[in-house]
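Here is the structure we will look at, set down as structure tokens.
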Amino acid sequence: IAGYAQHGHGNEALRMFEQMEQMGLQPDRATYITVLKACASMVALEQGKWVHAQIKKKGFDADAFVQSTLVDMYSKCGGIEDAQQVFNGMCQRDVVSWTVMIAGYAQ
């Protein structure tokens, strides 16, 4: 998944992610972060929202790294309101999360 995402093949990364889930394999934090980055690179807001729903379902929505990546994905996909909502819901904001949110507004 990371290989496809890092080389500009976001659709393939998402396809592999779906196959992984269909096989019953459980994604981890790194998987979700990679898939969110693929969505951001493709400006695929609807797919990003679907991944966000999966993240919530699996309980990764409280992870600070995942949250910062969600803010980044929403910002890059034109969903600044969604980005702000994730940011507002963060229990702890660090330099990374603040920077990602500021960069989102700067885009």
Checklist entry - According to a 4.5 Å side-chain heavy-atom criterion applied to Ile, Leu, Val, Met, Phe, Trp and Tyr, with indirect links allowed, do V100 and W98 form part of one hydrophobic cluster? => result yes
Item to check | Transitive ILVMFWY side-chain link L25 to V35, under 4.5 Å | outcome: yes
Checklist entry - Could R29 and D63 be called an ion pair, given the rule that one side-chain N must be under 4.0 Å from one carboxylate O? => result yes
Contact summary for [X] and [Y], nearest pair of heavy atoms:
X: A44; Y: C77; answer: N-SG, 3.5 Å
X: A2; Y: T34; answer: CA-CG2, 3.5 Å
X: M16; Y: I1; answer: CB-CG1, 3.7 Å
X: A40; Y: K76; answer: CB-CD, 4.0 Å

Checklist entry - Using the ring of each side chain (for Trp, its six-membered ring), is F17 parallel, tilted or perpendicular to Y32, with breaks at 30° and 60°? => result perpendicular
Checklist entry - Residues two or more places apart in sequence or in another chain: which of them pass ring pair (Phe, Tyr, Trp, His ring centres under 6.0 Å) with Y4? => result none
[atom1]-[atom2] distance between [X] and [Y], expressed to the nearest 0.5 angstrom:
X: M90; Y: Q85; atom1: CE; atom2: CD; answer: 13.5 Å
X: M73; Y: K49; atom1: CE; atom2: NZ; answer: 9.0 Å
X: L45; Y: D82; atom1: CG; atom2: CG; answer: 6.5 Å
X: T31; Y: Q26; atom1: OG1; atom2: CD; answer: 10.0 Å
X: Q19; Y: E12; atom1: CD; atom2: CD; answer: 8.5 Å

Checklist entry - Should we say atom CD of Q92 is surrounded by more than 12 heavy atoms from elsewhere, each under 6.0 Å from it? => result no
Can you find a heavy atom in the side chain of [X] that is under 4.5 Å from one in the side chain of [Y]?
X: E18; Y: W50; result: yes
X: K58; Y: E21; result: yes
X: K37; Y: Q6; result: no
X: V66; Y: L70; result: yes
X: V51; Y: C39; result: yes
X: Q54; Y: F60; result: no

Keeping [X] on the side-chain end and [Y] on the backbone end, is there a donor-acceptor pair under 3.5 Å?
X: Q67; Y: D61; answer: yes
X: R93; Y: N88; answer: yes
X: S68; Y: F65; answer: no

Checklist entry - Stepwise, does the side chain to side chain donor-acceptor pair (under 3.5 Å) test hold for S75 with D72? => result CA-CA 5 Å; S75 297; D72 184 57; over 6 Å; no
Item to check | Any side-chain donor near an acceptor of the partner, Y105 and Q84, under 3.5 Å | outcome: yes
